[in-house]
Amino acid sequence: MQKIKTKTLTTIIALILLSSMAISAFSISTANAQGSLKTYAYVGATPNPVGVGQQTVIRLGITDQLAAPRYGWEGLKVTITHPDGTNETLGPFRTDATGGSYTIYTPTVAGNYTLQSFFPQQTNPAAINSNGLVIPTGATMLASSSESVILSVQTEPILSYQTQ
C-alpha cells in the first residue's frame with residue numbers, strides 16, 4: 001500500500017512539473033509574437049572630412065536586419081543642417097535586407113554640416129531569428145533618430161587614394 005501511495009505521489013508531482021514547464025513555454029512564445037521593439041537609427045559619412053564639390057557617401061539605416069533580400073525598411077530620411085543653419089532633407093530611402101542604405105552627397109560650401117537620420121515606425125514583414133534575437137512577423141518597429149554626426153567640409157580638396 002505504501003508503494004502505491006509513493007508511486008501516485010511521484011506521478012502527481014511529475015505531472016505538475018511537466019504542466020508548469022509546458023505552460024511556461026507557451027507563455028514565452030505568446031509574448032514574443034506581439035509587441036513593439038526599440039530601433040537604433042544610424043548615419044555616417046565617408047570620406048569625412050571632404051572638400052567643397054567633392055562627393056561623400058552618406059550611410060543610413062537601423063541596426064535590425066530583415067528576413068530576406070526582397071524586404072527593406074521604408075521611408076528613412078536624412079536631415080542635413082548646413083553651416084548657415086538651413087536644413088535640407090534627403091529621402092525617403094528604402095534599405096536593403098541588412099537594414100542599411102546610402103546616398104551620395106556633394107557639399108557646396110565649406111563648414112560643418114550636421115547629419116541626422118530618421119526611421120519611421122513600421123511593421124516587420126517576416127519573422128527573423130538572428131543571433132538569438134527573434135523579431136516576429138507583425139512586430140512594431142518603433143521610430144528612432146540617429147545621433148548627430150558632423151561632416152567637415154573644407155575649401156581644399158581631399159586627395160584620393162592614388163595607385164602607382
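In this text, all values refer to a predicted model and were calculated from it rather than measured experimentally.
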Quick one: pull up [atom1] in [X] and [atom2] in [Y] and give me the separation to the nearest 0.5 Å.
X	Y	atom1	atom2	value
Thr63	Lys38	OG1	NZ	10.5 Å
Ile58	Asn48	CD1	CG	10.0 Å
Gln54	Thr106	CD	OG1	9.5 Å

Taking [Y] as the starting point, is it possible to reach [X] by hopping between hydrophobic residues whose side chains are less than 4.5 Å apart?
X	Y	value
Val52	Leu115	yes
Tyr71	Tyr102	no
Tyr42	Ile80	no
Met141	Phe118	no
Leu76	Leu90	yes

Any heavy-atom pair between the side chains of [Y] and [X] that's under 4.5 Å?
X	Y	answer
Leu66	Thr95	yes
Tyr113	Pro83	yes
Thr114	Ile150	yes
Tyr40	Ile62	no
Leu151	Val50	yes

Of all the heavy-atom pairs spanning [X] and [Y], show the shortest one and how long it is.
X	Y	value
Gly72	Arg94	N-NH2, 3.1 Å
Ala68	Ala97	O-CB, 3.3 Å
Phe93	Ser101	CB-OG, 4.2 Å
Thr56	Ala45	OG1-CB, 3.7 Å
Gln116	Ser146	NE2-O, 2.8 Å
Ala127	Ala67	O-CB, 3.3 Å

**OP:** Name all pairs fulfilling the side-chain hydrogen bond (donor to acceptor under 3.5 Å, both in side chains) condition that reach into residues 76-85, sequence neighbours left out, sorted by first residue then second.
**Re:**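 Counting only pairs at least two positions apart or across chains, the side-chain hydrogen bond (donor to acceptor under 3.5 Å, both in side chains) contacts touching residues 76-85 are Thr81-Asn87, His82-Glu88, Asp84-Thr86.
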Subject >> Neighbour count >12 (heavy atoms, 6.0 Å) for atom CD, Glu147 >> reply: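 It does not: Glu147 CD has 12 such atoms or fewer within range.
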[X] side chain vs [Y] backbone, donor-acceptor pair below 3.5 Å:
X	Y	result
Trp73	Gly100	no
Thr39	Leu142	yes
Asn124	Ile135	yes
Asn112	Val153	no
Gln122	Pro120	yes

Subject >> Sequence-distant partners of Thr46, side chain to side chain donor-acceptor pair (under 3.5 Å), two or more places apart >> reply: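 For Thr46 the side chain to side chain donor-acceptor pair (under 3.5 Å) partners, ignoring immediate neighbours, are Arg59.
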Original post:
Do any pairs count as a ring-ring contact (aromatic ring centres under 6.0 Å, His included) and have a residue in residues 135-154, sequence neighbours left out, and if so which ones?
Top reply: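 Qualifying pairs: none.
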